[in-house]
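Lettering of chains follows the sequences in order, A, B, ..., and the numbering in each one begins at 1. Given the structure is predicted, the values throughout are model-derived calculations rather than measurements. These numbers come from the heavy atoms of this one structure, side chains and all, not from hydrogens, waters or symmetry mates.
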There are 2 protein chains.
Amino acid sequence: MPTPERTSLEEIVRAARDLLESSGHEGLTMQAVAHRVGVRAPSLYKRVRNRGDLVALVADATLRELGARVEAAATHADDDPRLALARLVRAGRDFARERPAGFRLILAPGTDLRLDPASLEAASAPVLRVAARLAGEERVLDAARTFTAWATGFVSMELAGAFRLGGEVERAFEFGLDRLCHALAIPAS
Amino acid sequence: MPTPERTSLEEIVRAARDLLESSGHEGLTMQAVAHRVGVRAPSLYKRVRNRGDLVALVADATLRELGARVEAAATHADDDPRLALARLVRAGRDFARERPAGFRLILAPGTDLRLDPASLEAASAPVLRVAARLAGEERVLDAARTFTAWATGFVSMELAGAFRLGGEVERAFEFGLDRLCHALAIPAS
DNA sequence: TGAAGTAGCTATGGTCAATAGCTTAGGATG
DNA sequence: CATCCTAAGCTATTGACCATAGCTACTTCA
């Protein structure tokens, strides 16, 4: 039997995620992570291949948490798909505000970073499920993608500060959500 | 009169942009840029404060080029706003495919990076102009933002490889564009 | 008690950002 | 023409960080 782990991989990833949010992508150094875990930097390489690997783990953990949040928002069991979609996107917005740096990591992953397809699947499944309930929509996949595109674009714009005043954000959100729902519920003319 | 510049700032930024696309964000080192320009690394600091500054210049140059492309796509002088919007988004998609790394830089700028508001303004103005011509739409700003959100989200998804097969991309694009145009041309009920 | 495996450490090498200080070229000025 | 002076570029250096090598000590199991 192997020796029980003193410093678990989960602990390292958690420290790395916190550090990413507090110090940015540049501040996410092996030394800083190690210090936060209470260990010296080289010890991390017993659990992680290199820094890129750690960043990938951070990205995947973040993506999975986003998926869980969206999933939780989807399981509210009310009939109105519009409200369900609104909750889904709000879950994404809240998450992006809580972990902006992590969100950026999964929003625009570098060429080197490969997100786990299973995690992506899990995160996008709820939208697909709700979209399937949209009245009059037969092209469910395309509808879900259109909605997801708007939602991610909106959140990324909000994150980048594209909306100056706070009130404008909500107005723009309600507007976009309303129009998207109309557009996707009404069959192509 | 000052001595004429041997190595211009434009030359440096151009080299940095090319390097960003060929070697990624990590490969964009001062040494690599200097070597490409035909100079030693410390000499760059005569033109640029630090690496972050150079990245900001790269981002701004990329954003301005995107703006110019979108602007060019908008000045086609045909009456159909739908075709105009299609050309706008296609210009963005083409650009994102040509300079994916640069596009990511302006899509999800890090917390440290501040994009020039004027450049952002110039890049988003064409959409606003076309949106203003949409029949029956009075909330022009919100409409433009909704459209822009969908477009950026779509491009970022395409860039991240969210669409498996090539054909699916075009189908999803046509679908989303069609629905968005319908949604934004029809006044809220 | 002895063997084995493993967590963590120190020491080290290599890359890169950034600064200090020097050298030199080339125009401006007398 | 001689001189100055600005600025471009260089070498040398420091400090941060990633990553590996190799050692020590502890835990578990026979």
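Taking a cutoff of 4.0 Å between a charged side-chain nitrogen and a carboxylate oxygen, B:E98 and B:R69 qualify as a salt bridge. Of the charged side-chain nitrogens involved, at least one lies within less than 4.0 Å of a carboxylate oxygen, so that A:D60 and A:R64 count as a salt-bridged pair. Between B:R90 and B:E158, no side-chain nitrogen of the basic residue sits less than 4.0 Å from a carboxylate oxygen of the acidic one, so the salt-bridge criterion is not met.
The side chain of A:R49 places no N or O atom within less than 4.0 Å of a non-bridging phosphate oxygen (OP1 or OP2) of D:dA19. Listed pair A:T7 / C:dG8 meets the phosphate criterion, a side-chain N or O lying under 4.0 Å from OP1 or OP2. At the phosphate of C:dA7, neither OP1 nor OP2 sits under 4.0 Å from any side-chain N or O atom of A:R6.
Contacts between residues 17-25 of chain B and DNA chain C, counted as heavy-atom distances below 4.0 Å, involve no residue at all. Within residues 34-45 of chain A, the residues approached by DNA chain D to less than 4.0 Å at the level of any non-hydrogen atom are A:P42, A:Y45, in residue-number order.
For the pair A:I12 CD1 and D:dC18 P, the interatomic distance rounds to 14 Å; values are reported in whole Å. Straight-line distance from the CG atom of B:L28 to the P atom of C:dT15: 18 Å, rounded to whole Å. Spacing between atom CD of A:E11 and atom P of C:dG8 amounts to 9 Å, rounded to whole angstrom units. Between the CG atom of A:L54 and the P atom of D:dC17 there is a distance of 15 Å, rounded to whole Å. Spacing between atom CZ of A:R51 and atom P of C:dT15 amounts to 18 Å, rounded to whole angstrom units. In this structure, the CZ atom of A:R47 is 12 Å from the P atom of C:dC9, given to the nearest Å. Taking atom CE of B:M30 as the reference point, atom P of D:dA16 lies 19 Å away to the nearest angstrom.
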Distance-only donor-acceptor hits, side chain of residues 48-55 of chain A, under 3.5 Å, sequence neighbours excluded:
unit_1: A:N50; atom_1: OD1; unit_2: A:G52; atom_2: N; d: 3.3
unit_1: A:N50; atom_1: OD1; unit_2: A:D53; atom_2: N; d: 2.9
unit_1: A:R51; atom_1: NE; unit_2: A:L28; atom_2: O; d: 3.0
unit_1: A:R51; atom_1: NH2; unit_2: A:H25; atom_2: O; d: 2.9
unit_1: A:R51; atom_1: NH2; unit_2: A:L28; atom_2: O; d: 3.1

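The side chain to side chain contact (heavy atoms under 4.5 Å, CB included) test applied to B:E21 returns B:R99, B:P100, B:A101, not counting sequence neighbours. When the ring pair (Phe, Tyr, Trp, His ring centres under 6.0 Å) test is applied to A:F103, no partner is found at least two apart in sequence or on another chain. For the ring pair (Phe, Tyr, Trp, His ring centres under 6.0 Å) test, residues two or more places apart in sequence or in another chain that qualify with A:F163 are A:F154.
In this structure, the side chain of B:R179 engages the main chain of A:A183 through a donor-acceptor pair within 3.5 Å.
Heavy-atom contacts from other residues, nucleotides or ligands closer than 6.0 Å to CZ of B:R97 number more than 12.
Positionally, the nearest nucleotide of DNA chain D for B:K46 lies more toward the 5' end than for the other of B:K46 and A:A32.
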